[in-house]
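Working notes, beginning with the structure itself.
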2 protein chains.
Amino acid sequence: MHTLDVALGERAYPIHIGSSLLAREALLLPHIRGRQAVVVSNETVAPLYLDVLLATLARGGVTAIPVILPDGEAYKTWEILNRIFDALLLNKCERNTTLIALGGGVIGDMGGFAAACYQRGMPFVQVPTTLLAQVDSSVGGKTAINHPLGKNMIGAFYQPQMVLADVATLDTLPDRELRAGLAEVIKYGLIRDPEFLVWIEANLEHLLARDRAALIYAIERSCRNKAEVVAADERESGERALLNLGHTFGHAIETGLGYGVWLHGEAVAAGTMIAAHLSNLLGWLDDKDVARMGKLFERCALPLRSPRLGVARYMELMSHDKKVLDGRLRLVLLEQLGRAVLTEQASESQIAQAIERGCT
Amino acid sequence: MHTLDVALGERAYPIHIGSSLLAREALLLPHIRGRQAVVVSNETVAPLYLDVLLATLARGGVTAIPVILPDGEAYKTWEILNRIFDALLLNKCERNTTLIALGGGVIGDMGGFAAACYQRGMPFVQVPTTLLAQVDSSVGGKTAINHPLGKNMIGAFYQPQMVLADVATLDTLPDRELRAGLAEVIKYGLIRDPEFLVWIEANLEHLLARDRAALIYAIERSCRNKAEVVAADERESGERALLNLGHTFGHAIETGLGYGVWLHGEAVAAGTMIAAHLSNLLGWLDDKDVARMGKLFERCALPLRSPRLGVARYMELMSHDKKVLDGRLRLVLLEQLGRAVLTEQASESQIAQAIERGCT
């Protein structure tokens, strides 16, 4: 097992990465107060991993109340979030009851937001079961639900007590989900870790074949990158925004197509290609760099092309982006492979041109 | 104008208390970024004070978008909160747009919770227009909405940038609201400021007659008490719970009768009398102390008697209280007038007996 720390002072917490961690009560029980906990999961993950988690808790004398939600980004809504609140109140959960999120990014985001809001904050543990959640969304405390007008628009910065990334849970992950998770792994290489980018290119077949050692390495290195960025800028006043490479375009794709039509990682891959085209138009990336990025996403069978929503619709959707400042869209672009920057330098016509390129 | 500071390090902020402050752009404008702000108010307050606030902002070149909600505790729900999110998104409000809450406790709680959640946190200014909000709910960062099973169950600790308490707005406050606010003023005397309790007893007629100097003194001293407690214990791990004298019983009354049937301050007054009876049963307050408390609430025409919901129903409603720990109800009681304590010492039968006394 590997353990990293997210250095956030009084809100610091460990990320444990390894195999069959769900069964290790010594990791979980120190974070449970009293004899009751709540496990939020979904209809896909619960049949696979809920029992082992409940058994682990039971060995420590803890009875856990399961709250099973429907699966998918389309359910990251207030109505479904409210089911968590109903269960917490009906079961008389206290301010010190621990909420455990067992699932992918949607479950982590909703479970975390519920924990942030219930009685103004209850303890929270992340048990991510998708690659995307293990390398990205479970770390750093961003929680949210979607609004019809924009993804992740309603949420909180709320750090977990611990992240428990059990790579054994990836055995059952559908291929499409695995590939979507790789989009976020590649992101770390592109924005700040060029050596890792080279490693991914050299080891992609191992990752796609779910070689456990390769997956553990990729998860640990991704989490290390994320933990460094989050520790330096918890609430995204600067550097943290760089983690959003491809996300402004990607969120527009997700909102524009309807939540859940494309997976988040798929939208990020296609969105990252638009960012690559725009970086190219600004003279920062050369054609070879863009082709190299496309090749990598292609090997993951991730979409390189964005859906043809029309430039005007993309612009409208992106106007809700959280990085908009004083009415001006700020974008994460690449100065070179391995170095991202948050910039307003792209003109509206250049952005339009990049979207056109990315859609054809 | 009097200015107090809530000493919370990087989250520190001023409370300005005085007359006709709504018209002073020098107080407001430093907290507005860019040319757009949002004012959340209600159908009662907006016709009275929205124009003056908008004019003040306009003098600084700021256009404010009004979001007018229905008035009353019954509307402190997710559905109504969502109207704020809709307006923020439809108007393309940014993460740095300031949300100004203009109204009483309900508007402050909902506006603050919306600000806490929108894009994971936007700047927030409290402009309380009721006595209750000026002396209590606008200070300290507690925000929330109600759940059918419990009051203030879903919320956030989220500090404002500033509190602007304009006592001129109390001129239009209905008498019933004024008296409800006095319940929270009296609370500070009872829990930690016995000299203030004596002052209130001596000056109650001036307060009821809305003598401006008396009101300013009471608001400032109340806010000073609250700011001290909040600075010492922002997230209610200890001392801050003492501010909840009478609130466990009071919240049960509000939830049990249906939100908005009694005003919050009315429920707090009746709930505080139950706490007094219980403190008396424990031998901490003598009969004379209880009578003295009753006399003071009576002079405010506040209810001394709680509604007859039945002891079992009170117990059920109180089981959701945020101070419940490891299944045990903790109550704020009075060791003496001017000194509160958070305790588990009261037995269930003593609590039942105190409720019986408080209901007859």
Side-chain angles (χ1 to χ4, degrees), chain A residues 10 33-36 77-79 81-82 84-97 113-114 116-122 141-150 152-158 234-237 241 255 316 318-330, chain B residues 10 33-36 77-79 81-82 84-97 113-114 116-122 141-150 152-158 234-237 241 255 316 318-330:
Chain A
E10 60 179 13
R33 189 195 162 102
R35 307 182 142 273
Q36 196 185 49
T77 62
W78 171 260
E79 288 73 21
L81 181 73
N82 223 7
I84 307 178
F85 294 133
D86 291 343
L88 292 170
L89 278 158
L90 288 169
N91 289 285
K92 301 193 193 306
C93 293
E94 302 171 5
R95 187 186 268 177
N96 281 312
T97 302
F113 188 43
C117 297
Y118 183 67
Q119 300 204 6
R120 302 193 185 95
M122 68 193 298
K142 279 195 179 178
T143 72
I145 55 173
N146 297 327
H147 184 283
L149 289 176
N152 294 338
M153 279 292 144
I154 299 159
F157 287 100
Y158 194 70
E234 184 180 7
R235 295 180 78 89
E236 196 167 307
S237 51
T255 307
E316 168 63 21
M318 295 193 300
S319 68
H320 294 296
D321 189 81
K322 290 189 280 292
K323 290 179 291 299
V324 170
L325 188 67
D326 299 334
R328 289 198 302 277
L329 187 58
R330 298 183 302 164
Chain B
E10 60 179 13
R33 190 195 161 103
R35 306 183 144 273
Q36 198 184 48
T77 62
W78 170 261
E79 289 72 23
L81 181 73
N82 224 7
I84 306 177
F85 294 133
D86 291 344
L88 292 170
L89 277 158
L90 287 168
N91 288 286
K92 299 193 195 307
C93 293
E94 303 172 5
R95 187 185 268 178
N96 281 313
T97 303
F113 188 43
C117 297
Y118 183 68
Q119 300 204 6
R120 301 193 186 95
M122 66 194 297
K142 279 196 182 178
T143 72
I145 55 173
N146 298 327
H147 184 282
L149 289 176
N152 293 339
M153 280 291 144
I154 299 160
F157 287 100
Y158 194 71
E234 184 180 7
R235 295 179 78 89
E236 196 166 307
S237 52
T255 308
E316 168 63 22
M318 294 194 300
S319 69
H320 295 296
D321 190 81
K322 290 190 281 292
K323 289 179 292 298
V324 170
L325 188 67
D326 299 334
R328 289 199 301 279
L329 186 58
R330 298 183 301 163

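Lettering follows sequence order; numbering is per chain, from 1.
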Only pairs of heavy atoms separated by less than 4.5 Å count here; which of [options] has the most with chain A?
| options | answer |
| --- | --- |
| B:K322, B:H320, B:K92, B:K323 | B:K322 |
| B:G327, B:P148, B:G155 | B:G155 |
| B:C117, B:A114, B:A144 | B:C117 |
| B:N96, B:L90, B:D321, B:T143 | B:T143 |

Check: Between the main-chain N or O of A:I154 and the side-chain N or O of B:Q119, is there a donor-acceptor pair closer than 3.5 Å?
Finding: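 A pair under 3.5 Å: no.
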
At a heavy-atom separation under 4.5 Å, does [X] approach chain A through its side chain, its backbone, both, or neither?
| X | result |
| --- | --- |
| B:Q36 | neither |
| B:L88 | neither |
| B:D326 | both |
| B:T97 | neither |

Check: [Y] and [X] side chains under 4.5 Å, non-hydrogen atoms:
| X | Y | value |
| --- | --- | --- |
| B:H147 | A:F85 | yes |
| A:R33 | B:L325 | yes |
| A:R120 | B:N152 | yes |

Checklist line | Part of A:E316 lying under 4.5 Å from any heavy atom of chain B | finding: both

Item checked: Most chain B-contacting option - heavy-atom pairs closer than 4.5 Å, from A:R35, A:E236, A:R235 ->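 Among A:R35, A:E236, A:R235, the one with the most close pairs to chain B is A:E236.
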
Check: Rounded to the nearest 0.5 Å, how far apart are SG of B:C93 and CE of A:M153?
Finding: 11.5 Å

